[in-house]
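What follows is one structure encoded as structure tokens, with my remarks underneath.
Whatever order the structure lists ligands and atoms in, that order sets their numbers, starting from 1.
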Amino acid sequence: MLSLSPLYFLLLAAFVVNGRTAATGEYLKLPLLCKTPRPSPTQSLLLDIYRLSHLHRIPDHKHKQIIKSPVVSGAPSGSGQYFVELRLGSPPQSLLLVADTGSDLLWVTCSACRQKCSFLHRPGTAFLARHSSSFSPHHCFHATCSLVPHPDRNRCNRTQLHSPCRYEYEYSDGSKTSGFFSKDTTTLNTSSGREAKLPNLSFGCGFRISGPSVSGASFNGAHGVLGLGRGSISFTSQLGRYFGNKFSYCLMDYTLSPPPTSYLMIGGGQNAVSKNPKMSFTPLLINPLSPTFYYIGINGVSVNNVKLQIDPSVWSLDEMGNGGTVIDSGTTLTFLPEQAYRRILTAIERRVELPGPAELTPGFDLCVNTSGGSMSRLPRLSFKLSGDSVFAPPPRNYFIETEEGVRCLAIQSVATETGFSVIGNLMQQGFFFEFDRDRSRLGFSRHGCTLR
Ligand SMILES: *[C@@H]1O[C@H](CO)[C@@H](O)[C@H](O)[C@H]1NC(C)=O
Ligand SMILES: *[C@@H]1O[C@H](CO)[C@@H](O)[C@H](O)[C@H]1NC(C)=O
Ligand SMILES: *[C@@H]1O[C@H](CO)[C@@H](O)[C@H](O)[C@H]1NC(C)=O
Ligand SMILES: *[C@@H]1O[C@H](CO)[C@@H](O)[C@H](O)[C@H]1NC(C)=O
């Protein structure tokens, strides 16, 4: 609900251009940048893949507990990541954030330095909160503060003026960020090429950051995470109030060089669909115990148009909140239930016409030597989704190049009882995806990327 505060009028005024408002279908268009450990992918890629396979194989009791907490996330992780540049504060500071549909919180690495910033933090390595005249932490008693997990909820002194809202946000691999849940202005580019200034974007100003997913080499020098999840604090939920409750993206193949530009689009009217008659749809499902995630339903899998014998119950989302399939831009590989994975592996192995490499790449069950043969000879995988649609990615989406001339099946297995399936970003490449939150459906098309 929008209250008619002066800020709201200011905002509306900013969006009325030539008599048009955001309601006419203007949307935000943010370039998605990609980074990979190229040009020598093997080493770091493999490290990341090991880490990724740990990500969803945490001990049962811990997993259960995490799954039920509203802060669960698929963790921004993996070697192939997509980044968005965000300009925060006044004057604006440019920050590079991982675009993650598997988490809600938007957070940036913060520095409290006032003067000697270049000594403490090389310029461009953190958001310098004290250099922004419009920055302010939410008060711990403010209603917005109850939207983030905060460790000292009971110690909030409502009468004390400077009592910032502390947050602590944890990813499913144990990576953590904590600091002050704050607000500041953000400057964004719209589809019509104008700059829009939003007065109060809420985000975590992170002072303590730890864990493999959000620090170190695999974070690729990012300044934070742009959570695009379903929760009310996500970037998409906050901006949805202004631009419309949907977002879309096209993840272009990051192994191409130079990598083509992808875009993250937020809001917009019906234009995506009307421009794109070949769009297929599947319902977005809700798991009340894991409200961050965008779940979709898988009904079956085929290899070369032959339906595999997989018990349909392996795909189901049970009332305990376990199982189901999440579509996640922040995870690289795809994770499927053990039984389904074994059937797919066997079926693909049986139909592969290319020779294996001299040695298997560690961490993978199936690799092929593609130097002599064409990718098009690899078996075709397709997923039958709820709503009678079919998602049929090309082989390059599930055979990842681990070294020159070698590609490995980029799918890993998860335990059915406690885990959940994840359609990672590699599997999504080259497709246009539209997350329509109002209609609760996911649209996708193989042809949408070149239309804009
Ligand atoms: C921003 O301000 C508007 C108008 O005051 C308010 O309705 C909205 O909830 C605020 N957004 C956030 C994220 O605090
Ligand atoms: C809360 O803050 C006020 C003003 O700073 C102070 O007088 C009061 O003692 C504090 N209360 C508690 C319980 O700390
Ligand atoms: C916004 O658009 C301007 C002009 O097209 C461009 O120079 C700038 O880099 C864009 N900013 C972002 C954050 O994309
Ligand atoms: C792939 O096959 C070619 C011959 O077709 C061979 O020269 C090359 O060494 C093989 N690569 C690997 C990694 O096994």
Query raised in the report: Looking only at protein heavy atoms, which one is nearest to atom 8 (C) of ligand 4, and how far off is it?
Result: N369 ND2, 3.8 Å

Query - OH-CG distance between Y398 and L336, expressed to the nearest 0.5 angstrom - result: 12.5 Å

Query raised in the report: What protein heavy atom sits nearest atom 13 (C) of ligand 4, and how far away is it?
Result: V406 CG2, 3.6 Å

Query - pair check: C145 + C140, SG-SG < 2.5 Å - result: no

Requested in this report: State yes or no: are the ring centers of F432 and F444 separated by less than 6.0 Å?
Outcome: no

Query - Atoms in ligand 2 flagged as close to T159, the criterion being non-hydrogen separation under 4.0 Å - result: 1 (C), 2 (O), 3 (C)

Query raised in the report: Is there a protein heavy atom at a distance of less than 4.0 Å from atom 2 (O) of ligand 4?
Result: yes

Query raised in the report: Which protein heavy atom lies closest to atom 5 (O) of ligand 4, and at what distance to 0.1 Å?
Result: S371 OG, 4.3 Å

Requested in this report: May I ask you to list the atoms of ligand 4 that are less than 4.0 angstrom from any heavy atom of P357?
Outcome: 14 (O)

Requested in this report: Determine, stepwise, if the pair V108 / L97 fulfils side chain to side chain contact (heavy atoms under 4.5 Å, CB included).
Outcome: CA-CA 8 Å; V108 300; L97 309 177; 3.8 Å; yes

Query - Nearest-0.5 Å distance that lies between atom CZ in F243 and atom CE in M265 - result: 14.0 Å

**Report entry** Nearest-contact summary for atom 14 (O) of ligand 4 - protein heavy atom, Å
**Finding:** A358 N, 2.9 Å

Report summary line: One should read off an interatomic distance between T101 OG1 and Q428 CD, to the nearest 0.5 angstrom, of 6.5 Å

Query - Nearest-neighbour protein heavy atom for atom 6 (C) of ligand 2, which is reported as residue plus atom name and distance - result: N157 ND2, 4.2 Å

Requested in this report: Could you check H223, R87, E85 and say which one makes a side chain to side chain donor-acceptor pair (under 3.5 Å) with S94?
Outcome: E85

Query raised in the report: Is atom 11 (N) of ligand 4 less than 4.0 angstrom from at least one protein heavy atom?
Result: yes

